[in-house]
Amino acid sequence: MAVNYAVMKTKNPNGIEGTDYFHGRAVKTSDYDFEDLAGDVQMSTTVTEADVLGVLRAMKGYIVKALLAGRVVVLNDIGRFQIGLKGKCYTAETMQAEGFTPASMIKGHRIVFRPDAKLKSAVAGALTLKRVASEAMA
């Protein structure tokens, strides 16, 4: 199977003014959801689709619980999930100001996924590319 990509026009912040720049961007073909995964697992194991769905939904709940407790969730051979924070930088002087709290400088969060080396290798070893039509053809 090939990963589809399209050539997209982009801005290069370090580029020459007035020059067009392009880059390849992966284009999804479709979604692969819990039901799809459960159906495929059912076909290759003795576990029913309903059992797989139950486990996946329970797993999601436990992942949320662990992340909210500040834990890194490690799914062996798949990767790690953890909470990351977005915020503004501040100086030591700012920290001394009356009423200052570091939490006031935190502006959001994200869930960070770091794929396991085995997952990255499996994808890299089988990855092929197929160009599809795009807005900007280079």
Side-chain angles (χ1 to χ4, degrees):
M1 263 186 254
V3 172
N4 291 340
Y5 76 95
V7 176
M8 308 297 287
K9 188 175 180 178
T10 188
K11 292 183 180 183
N12 182 345
N14 300 320
I16 301 167
E17 188 70 32
T19 302
D20 290 335
Y21 292 92
F22 302 87
H23 71 278
R25 180 177 291 167
V27 177
K28 82 171 189 175
T29 54
S30 65
D31 291 333
Y32 186 73
D33 61 19
F34 273 2
E35 286 75 18
D36 297 326
L37 181 58
D40 287 347
V41 169
Q42 173 185 294
M43 298 302 283
S44 62
T45 67
T46 59
V47 182
T48 68
E49 183 175 354
D51 289 339
V52 176
L53 282 171
V55 168
L56 291 173
R57 289 190 176 115
M59 190 171 85
K60 176 188 156 223
Y62 284 108
I63 289 172
V64 169
K65 184 178 178 180
L67 291 173
L68 293 175
R71 301 176 76 185
V72 175
V73 178
V74 180
L75 301 179
N76 296 345
D77 299 337
I78 294 175
R80 298 168 175 261
F81 292 91
Q82 71 185 77
I83 295 289
L85 300 176
K86 300 182 228 176
K88 294 184 178 183
C89 293
Y90 46 90
T91 65
E93 291 174 13
T94 306
M95 291 175 60
Q96 303 306 317
E98 189 174 325
F100 174 81
T101 62
S104 69
M105 302 303 278
I106 297 171
K107 301 301 178 192
H109 73 280
R110 62 189 179 284
I111 298 173
V112 179
F113 173 71
R114 291 179 293 154
D116 184 84
K118 291 178 184 178
L119 179 65
K120 288 167 62 171
S121 297
V123 170
L127 182 68
T128 59
L129 299 172
K130 178 184 174 191
R131 186 172 173 178
V132 296
S134 60
E135 299 171 14
M137 303 299 279

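Side chain of Lys107 to main chain of Ser104: a donor-acceptor pair is present (N/O by atom type, distance under 3.5 Å, no hydrogens or angles). For the pair Asp33 (side chain) and Glu35 (backbone), a donor-acceptor distance under 3.5 Å is present.
Between Phe100 and Met95 the shortest heavy-atom distance is CD2-CA, 3.5 Å. Summarising the geometry of Tyr90 relative to Pro102, their closest heavy-atom pair is OH-CB, 3.4 Å, with the distance given to 0.1 Å. Between Ala2 and Lys130 the shortest heavy-atom distance is CB-CB, 3.8 Å. Nearest heavy-atom pair across Ala6 and Ala133 is CB-O, 4.1 Å. Minimum interatomic distance between Ile83 and Leu85 (heavy atoms only, all atoms of both residues): CG2-CD2, 4.2 Å. Heavy atoms only, all atoms of each residue included: Lys9 and Asp20 are closest at CE-OD1, 3.1 Å.
Counted within 6.0 Å of NE2 on His109, heavy atoms from surrounding residues, nucleotides or ligands total 12 or fewer; the atom is thus considered open. Heavy-atom neighbours of Leu119 CG from other residues, nucleotides or ligands within 6.0 Å: above the threshold of 12. Counting heavy-atom neighbours within 6.0 Å of Tyr62 OH, excluding the residue itself, gives a total of 12 or less.
There is a path of hydrophobic side-chain contacts, each under 4.5 Å, that joins Met59 to Ile111. Hydrophobic clustering of Ile, Leu, Val, Met, Phe, Trp and Tyr side chains at less than 4.5 Å, counting indirect connections, keeps Val55 apart from Leu75. Hydrophobic clustering, with ILVMFWY side chains joined whenever heavy atoms are under 4.5 angstrom apart, groups Phe81 together with Ile78. Tracing side-chain contacts under 4.5 Å through hydrophobic residues (I, L, V, M, F, W, Y), one reaches Tyr32 starting from Leu53; they form part of the same cluster. Clustering ILVMFWY residues whenever any of their side-chain heavy atoms sit less than 4.5 angstrom apart, transitively, puts Val7 in the very cluster that holds Val3.
With contacts defined as side-chain heavy-atom distances shorter than 4.5 Å, the pair Phe113/Arg80 does not qualify.
Taken from CZ in Arg25 to CG in Asn4, the straight-line distance is 14.5 Å, to the nearest 0.5 Å. The distance from atom CZ of Arg71 to atom CD1 of Ile63, rounded to the nearest 0.5 Å, is 12.0 Å. Between the CG atom in Leu37 and the CD atom in Gln42 there is a gap of 11.5 Å [rounded to 0.5 Å].
Across Val73, Val72, Val74, a single residue satisfies side chain to side chain contact (heavy atoms under 4.5 Å, CB included) together with Gln82, and that is Val72.
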Tell me, with the steps shown, if Tyr21 and Thr19 meet side-chain contact (heavy atoms from CB on, under 4.5 Å). CA-CA 6 Å; Tyr21 292 92; Thr19 302; 3.9 Å; yes

